[in-house]
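The basis for the numbers below is simple: all heavy atoms, side chains too, and nothing from hydrogens, waters or symmetry mates. The structure displayed is predicted, hence computed values, not measured ones.
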Amino acid sequence: MEQERRVRPMRADAERTANAILEAAERVLSANPAATMEQIAEAAGVARTTVHRRFTSREDLVDAMTAWATQQFHDAVTSARPETAPPLVALYQVTANVLRVKIGWGFAMNAIKPEDSEAARVHADVLDQCDRLFRRLQHTGALRPDTDLTWARRTYYALIHEAAQTQLTDARDVDELATLVVDTLLTGVGQQPLEPNV
């Protein structure tokens with residue numbers, strides 16, 4: 001029992017060290033994709049040997065980053081409770097949560113390989129949750145009955161991508177960006193719908 005109590009803090013400490021390395025790698029590689037493992041170790045405040053002990057190669061480190069970012073992306077969506085929270089609340093919360101991941105883990109998110117089956121599974125699950133949320137939005141009247149939901153979802157994804165890019169140069173608050181995304185999705189930017197020419 002005493003030995004068990006001694007081991008747990010070491011495991012927690014090892015996890016904190018690994019997370020510190022992943023977070024430092026995201027910062028360093030976002031600024032300089034050619035950065036070395038030594039530079040990452042320095043940014044993490046650990047010895048180079050510590051990085052190499054946890055991640056045998058740069059590719060191994062990037063793979064760990066993409067796995068971590070993928071999990072953060074999935075958690076960002078599911079923690080917003082898109083199937084049980086009021087639809088407008090869920091839409092806003094999903095948007096803000098995902099923006100935080102895309103902004104905080106941009107390098108890792110962009111480094112995900114097309115053949116990564118776990119990332120593909122997570123993205124398929126997120127897509128499914130998003131589709132169900134958009135059906136709920138339509139059912140409650142937040143989206144028009146004739147809305148093409150596939151187009152709406154693709155537009156929503158594009159808005160999130162642009163908002164994340166905007167934050168990199170404009171340094172806007174994530175909550176403000178989330179509000180802009182949701183408002184643009186639900187109301188657009190025009191004053192009123194155009195009447196079709198007959």
Quiz item: Is Thr140 close to Arg136 at the side-chain level, that is, under 4.5 Å between some pair of heavy atoms?
Solution: no
Self-check item: With Val182, the side chain to side chain contact (heavy atoms under 4.5 Å, CB included) member among Leu159, Leu177, Thr95
Solution: Thr95
Quiz item: Checking Thr147 side chain against Leu143 main chain: does a donor-acceptor pair fall under 3.5 Å?
Solution: no
Practice problem: Using a 4.5 Å cut-off on heavy atoms from C-beta on, say whether the side chain of Arg53 contacts that of Thr50. | Solution: yes
Quiz item: With side chains defined as the heavy atoms from C-beta onward, is the minimum distance between Leu133 and Cys130 less than 4.5 Å?
Solution: no
Quiz item: If you look at every heavy atom in Ala76 and Val98, which pair is closest and at what distance?
Solution: CB-N, 4.0 Å
Practice problem: State yes or no: do Val89 and Ile160 share one hydrophobic cluster built from I, L, V, M, F, W and Y residues joined by side-chain heavy-atom distances below 4.5 Å, directly or via other members? | Solution: no
Quiz item: When rounded to the nearest 0.5 angstrom, what is the spacing between OG1 in Thr66 and CD in Gln71?
Solution: 12.0 Å
Quiz item: Which residues pass the salt bridge (charged side-chain N to carboxylate O under 4.0 Å, His left out) test with Glu83, sequence neighbours left out?
Solution: Arg132
Quiz item: Do side-chain atoms of Arg81 reach the backbone of Pro86 as a donor and acceptor pair under 3.5 angstrom?
Solution: no
Quiz prompt | Side-chain donor-acceptor contact under 3.5 Å, Glu26 with Ser30 | solution = yes
Practice problem: Could you pull out the closest heavy-atom pair between Ala44 and Ala20, with the gap in Å? | Solution: CB-O, 3.9 Å
Exercise. Would you give the length of the straight line joining atom CG of Leu61 to atom OG1 of Thr56, rounded to the nearest 0.5 angstrom?
Key: 10.0 Å
Exercise. Could you pull out all residues at least two apart from Glu115 that satisfy side chain to side chain contact (heavy atoms under 4.5 Å, CB included)?
Key: Lys113
Quiz item: Nearest heavy-atom pair of Val62 and Leu29: which atoms, and what distance?
Solution: CG2-CD1, 4.4 Å
Quiz item: Cut-off 3.5 Å, side chains only: do Gln93 and Asn97 have a donor facing an acceptor?
Solution: yes
Quiz item: Should Asp175 and Arg100 count as an ion pair when the cut-off is N to O under 4.0 Å?
Solution: yes
Quiz item: Can you find a pair of side-chain heavy atoms, one from Arg48 and one from Ile40, that are under 4.5 Å apart?
Solution: no
Exercise. For residues Leu91 and Phe134, determine if any side-chain heavy atom of one lies less than 4.5 Å from a side-chain heavy atom of the other.
Key: yes
Quiz item: Between Asp125 and Gln129, does a side chain to side chain donor-acceptor pair (under 3.5 Å) hold up when you go through it step by step?
Solution: CA-CA 6 Å; Asp125 182 59; Gln129 291 186 66; 3.0 Å; yes
Exercise. Walk me through it: do Thr49 and His52 pass the test side-chain contact (heavy atoms from CB on, under 4.5 Å)?
Key: CA-CA 5 Å; Thr49 53; His52 283 289; 5.6 Å; no
Practice problem: Would you check if Phe73 and Trp105 make a side-chain contact, meaning some heavy-atom pair closer than 4.5 Å? | Solution: no
Quiz item: Taking atom CG of Leu149 and atom CZ of Arg154, what is their separation to the nearest 0.5 Å?
Solution: 12.0 Å
Practice problem: With rounding to the nearest 0.5 Å, note down the distance linking OG1 in Thr17 to CZ in Arg54. | Solution: 5.0 Å
Quiz item: Do Glu59 and Asp63 have side chains that get closer than 4.5 Å, going by heavy atoms?
Solution: yes
Exercise. For side-chain contact (heavy atoms from CB on, under 4.5 Å), just list the numbers for Tyr92 and Asp183, CA-CA rounded to whole Å, side-chain angles, deciding distance to a tenth of an Å, and then say yes or no.
Key: CA-CA 10 Å; Tyr92 174 81; Asp183 284 352; over 6 Å; no
Quiz item: Hey, are the side chains of Leu127 and Arg153 touching, using non-hydrogen atoms and a 4.5 Å cut-off?
Solution: yes
Exercise. Look up atom CZ in Arg16 and atom CD in Glu23, then write down how far apart they are to the nearest 0.5 Å.
Key: 12.5 Å
Quiz item: What's the shortest heavy-atom distance between Ala90 and Pro82, and which atoms?
Solution: CB-CA, 3.8 Å
Self-check item: Closest approach of Met65 to Ala108 (non-hydrogen atoms, all atoms of both residues)
Solution: O-CB, 3.6 Å
Exercise. Inspect the surroundings of CD in Glu42 and state if more than 12 heavy atoms from other residues, nucleotides or ligands are less than 6.0 Å away.
Key: no
Quiz item: Thr179 and Glu176: side-chain contact (heavy atoms from CB on, under 4.5 Å), yes or no, with the steps?
Solution: CA-CA 5 Å; Thr179 300; Glu176 180 188 354; 5.8 Å; no
Self-check item: Euclidean distance, His161 NE2 relative to Leu99 CG, rounded to 0.5 Å
Solution: 11.5 Å
Exercise. Determine the minimum heavy-atom distance between Ala64 and Phe55, stating which atoms define it.
Key: CB-CE2, 3.5 Å
Quiz item: Hey, does the side chain of Asp128 reach the backbone of Ala124 with a donor-acceptor pair shorter than 3.5 angstrom?
Solution: no
